[in-house]
Engineer: 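Here it is, the structure in full.
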Amino acid sequence: MCREELENIVKEIHNEFHVELAVCEVFKRRWSYITGTKNYVSGRYRINIDEKYGIIVNCEEQDVEKIKMHIKKG
């Protein structure tokens, strides 16, 4: 995935779910920030996009599964 694709994921999820999030590159247990919402501070949930990228999101528990489904559709 290129940076533009990752930034589009941020915009789509932020606009649809109104949550703060960060896209990270995943290195086993370490997640390294790439891009995200400007107001992002920290997140409660980690969601894998694929084997290389993931999202750290600050949202309500009931939204986690909805966000996962949105990523799979995308």
Side-chain angles (χ1 to χ4, degrees):
M1 295 186 139
C2 69
R3 186 174 180 100
E4 184 178 329
E5 290 173 306
L6 296 172
E7 288 174 352
N8 286 338
I9 290 171
V10 169
K11 288 177 191 172
E12 288 173 10
I13 292 173
H14 181 70
N15 289 339
E16 185 166 337
F17 297 98
H18 308 287
V19 296
E20 303 302 327
L21 65 137
V23 174
C24 301
E25 189 168 2
V26 179
F27 302 98
K28 297 186 181 179
R29 294 181 57 151
R30 182 176 159 260
W31 288 42
S32 180
Y33 178 87
I34 297 173
T35 188
T37 56
K38 295 183 194 270
N39 298 327
Y40 177 76
V41 178
S42 66
R44 294 173 34 187
Y45 301 101
R46 291 182 176 200
I47 301 170
N48 288 350
I49 296 172
D50 58 24
E51 66 281 342
K52 188 174 179 179
Y53 299 104
I55 293 175
I56 300 174
V57 63
N58 191 15
C59 66
E60 298 299 323
E61 186 174 356
Q62 66 269 16
D63 289 335
V64 174
E65 290 303 316
K66 292 177 188 174
I67 291 171
K68 286 180 183 178
M69 295 303 294
H70 182 82
I71 291 170
K72 287 181 182 178
K73 286 191 314 184

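What you see is a predicted model, and the numbers here were worked out from it, not measured in a lab. Both backbone and side-chain heavy atoms feed into the values below; hydrogens, waters and symmetry mates do not.
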Engineer: Which atom pairs, donor and acceptor, lie under 3.5 Å between side-chain atoms of residues 1-9 and protein residues at least two apart or in another chain?
Structural biologist:
from	atom 1	to	atom 2	distance (Å)
Arg3	NE	Glu7	OE2	3.0
Arg3	NH1	Ile34	O	3.3
Arg3	NH2	Ile34	O	3.3
Glu5	OE1	Cys2	N	2.8
Asn8	ND2	Glu4	O	3.4

Engineer: Where do Val26 and Gly54 come nearest, in terms of heavy atoms and distance?
Structural biologist: CG2-N, 3.7 Å

Engineer: Say you draw a straight line from CZ of Arg44 to CD of Glu61; how long is it, rounded to the nearest 0.5 Å?
Structural biologist: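 Answer for the CZ-CD pair, Arg44 versus Glu61, is 7.0 Å.
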
Engineer: Closest heavy-atom contact between Ile56 and Trp31?
Structural biologist: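 Minimum heavy-atom separation between Ile56 and Trp31: CG1-CE3, 3.7 Å.
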
Engineer: Got a second to check how far Leu21's CG is from Ile47's CD1, nearest 0.5 Å?
Structural biologist: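 Leu21 CG to Ile47 CD1: 9.0 Å, rounded to 0.5 Å.
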
Engineer: Does any donor atom in the side chain of Glu20 or Thr37 lie under 3.5 Å from an acceptor atom in the other side chain?
Structural biologist: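 A pair is found: one side chain offers a donor N or O, the other an acceptor, under 3.5 Å apart.
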
Engineer: Nearest heavy-atom pair of Ser32 and Phe27: which atoms, and what distance?
Structural biologist: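 The answer is CB-CE1, 3.9 Å.
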
Engineer: Taking atom NE2 of His70 and atom CD of Glu16, what is their separation to the nearest 0.5 Å?
Structural biologist: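 CD of Glu16 is found 5.0 Å from NE2 of His70.
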
Engineer: Return the minimal non-hydrogen interatomic distance between Val10 and Gly36, and the atom names on each side.
Structural biologist: CG1-C, 3.9 Å

Engineer: Rounded to the nearest 0.5 Å, how far apart are NZ of Lys68 and CD of Glu65?
Structural biologist: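 That separation rounds to 4.5 Å.
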
Engineer: If I take atom OH from residue Tyr53 and atom CD from residue Glu25, how far apart are they, to the nearest 0.5 angstrom?
Structural biologist: 5.0 Å

